[in-house]
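Heads up, the thing below is written out as structure tokens.
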Number of protein chains: 2
Amino acid sequence: MDRRQEILQGATKSFSMFGYKATTMEQVAKLANVGKGTIYNFFTNKEELLQEVVISMIRDMKAEAEQTLSPNASFIENAHNGLMKMLQFREQHLLFAKLIEEEKAIQTPAVKQMLVKIEEEIVTFLADRLRIGIEKKEVRPCNPNLVAYLLLKSYLAMIVDWQLTHEEALHEQEILELFKETIFRGIATAP
Amino acid sequence: MDRRQEILQGATKSFSMFGYKATTMEQVAKLANVGKGTIYNFFTNKEELLQEVVISMIRDMKAEAEQTLSPNASFIENAHNGLMKMLQFREQHLLFAKLIEEEKAIQTPAVKQMLVKIEEEIVTFLADRLRIGIEKKEVRPCNPNLVAYLLLKSYLAMIVDWQLTHEEALHEQEILELFKETIFRGIATAP
DNA sequence: TTGTTGACCGATATCGTAATTTGGTCATTT
DNA sequence: AAATGACCAAATTACGATATCGGTCAACAA
């Protein structure tokens with residue numbers, strides 16, 4: 001069995017459940033069924049371990065998103081499906097959500113750095129898709145980076161922030177509908 | 001002279017300068033030139049005193065926003081101007097800024113509650129404007145509360161969050177353009 | 001009688017310190 | 001050559017003594 005992979009899985013689990021600060025290296029070692037020292041054969045320290053976990057999560061997310069995108073489908077359809085996919089795998093974002101929560105409560109530099117990295121990666125991904133859409137004349141000309149940023153922040157607002165001030169979370173359908181009726185319609189070329 | 005008003009003014013000054021937690025009732029009493037006991041003849045406790053101060057601030061904010069609204073201007077222009085005014089209030093109004101700062105550093109329940117209330121007020125204000133727009137057929141039928149929430153969060157993202165990860169702030173023109181090209185076009189009825 | 005006040009009280013916050021935990025190392029084991 | 005857990009310094013927490021603060025109320029003033 002791949003020890004490095006075991007450690008990454010254990011770390012992901014612990015970071016998702018307890019956050020960065022409350023995760024101890026011993027905890028990770030236990031979850032990965034290895035000795036604590038073994039972790040340091042693969043990762044230089046706790047901070048780098050978080051980095052690797054985050055990089056791995058980003059890779060998964062991108063693969064997942066990429067899978068739902070079809071070159072034939074229209075931009076709106078792809079946007080719809082991509083968003084839907086992201087919404088359906090909300091629990092997978094547990095790590096992301098936990099890091100955001102931790103960043104709000106206590107400012108951990110390592111965590112803040114990771115959140116910035118995740119944000120950059122997602123914005124870049126979205127901006128690339130937007131550029132393709134613009135080339136295909138499916139999306140109106142616009143500043144792809146700005147719009148990508150707007151999309152990400154809006155998405156997070158509805159998924160994360162909403163729950164903080166409202167009793168129950170929004171349903172997938174509601175969020176999807178909202179985006180279709182606002183941003184998606186706004187940036188799509190008229191049919 | 002109106003003792004209640006004196007107390008409110010002293011409280012506003014102290015909350016603005018030191019925040020909620022670091023404000024002592026004795027401090028307020030001194031600033032208002034009354035004995036500490038007198039405060040409790042008008043306000044049941046410190047928390048309610050903050051509430052009253054915030055309510056008074058919200059009234060000012062609404063008045064200011066209302067002032068920028070023109071019956072002649074389009075919905076989009078009014079929405080943008082009104083929202084901008086409210087958000088600029090954050091920096092202009094010392095109390096507002098201080099509460100946000102305090103909430104970020106230490107989670108004081110009373111402060112969090114007040115910030116939620118302010119958010120609610122803004123969303124309600126926007127939702128009302130949206131309903132009027134829908135009646136006037138300037139805005140497509142939609143869920144006004146959801147769209148209002150989306151608008152507020154989006155504006156906050158571009159004005160506040162953007163600066164945290166980017167060198168320089170966005171210009172007001174850029175923000176206006178972005179929203180015109182996205183959400184506003186999405187919710188506006190076709191011309 | 002009505003409104004004001006500051007000394008007073010219990011609860012909470014602050015601070016210094018002892019005790020514990022944790023990230024990271026490394027001699028020993030496998 | 002890789003894995004491990006006892007070990008250490010550094011950081012965190014637990015805790016108790018001390019100080020501060022929100023809120024009360026008997027005394028006082030108008």
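Just so we're on the same page: letters track the sequence lines, and every chain starts at 1.
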- Task: Could you tell me which residues satisfy ring-ring contact (aromatic ring centres under 6.0 Å, His included) with A:Tyr40, sequence neighbours excluded, listed by chain and number?
- Result: none

- Query: For B:Phe15, what residues pass the ring-ring contact (aromatic ring centres under 6.0 Å, His included) criterion, not counting sequence neighbours?
  - Reply: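 B:Phe15 satisfies ring-ring contact (aromatic ring centres under 6.0 Å, His included) with B:Tyr20 only.
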
- B:Asn78 side chain reached by B:Arg129 side chain, heavy atoms, under 4.5 Å: no

- In terms of ring plane angle, is the pair B:Phe179 and B:Phe184 parallel, tilted or perpendicular, where the classes change at 30° and 60°? tilted

- Message: Tell me the interatomic distance from B:Leu50, atom CG, to D:dG22, atom C1', rounded to whole angstroms.
- Response: 15 Å

- Which atom of B:Arg140 lies closest to which atom of B:Ile134, heavy atoms considered: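 Looking at all heavy atoms of both residues, the shortest contact is O-CG1, 3.6 Å.
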
Result block: side-chain N/O donor-acceptor pairs under 3.5 angstrom for residues 142-150 of chain B, not counting sequence neighbours:
from	atom 1	to	atom 2	distance (Å)
B:Asn143	OD1	B:Asn145	N	3.1
B:Asn143	OD1	B:Leu146	N	3.2
B:Tyr149	OH	A:Trp162	N	3.2

Return a table of donor-acceptor pairs under 3.5 angstrom between the side chains of residues 119-127 of chain A and protein atoms on other chains or two or more places apart.
from	atom 1	to	atom 2	distance (Å)
A:Glu119	OE2	B:Thr165	OG1	3.2
A:Glu121	OE1	A:Lys62	NZ	2.9
A:Thr124	OG1	A:Glu120	O	2.8

- Task: Would you mind checking if A:Glu102 and A:Lys98 are paired as a salt bridge, meaning a charged N to carboxylate O distance below 4.0 Å?
- Result: no

- Query: For DNA chain D, what residues of residues 20-44 of chain B have any heavy atom nearer than 4.0 Å?
  - Reply: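 The stretch gives B:Thr23, B:Thr24, B:Met25, B:Lys36, B:Tyr40 as the residues lying under 4.0 Å from the strand, ordered by number.
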
- Does D:dA3 have OP1 or OP2 sitting under 4.0 Å from an N or O in the side chain of A:Arg3? yes

- Note on the structure: So the contacted stretch of DNA chain C, first to last nucleotide with an atom under 4.0 Å from a non-hydrogen atom of chain A, runs from C:dT22 to C:dT25

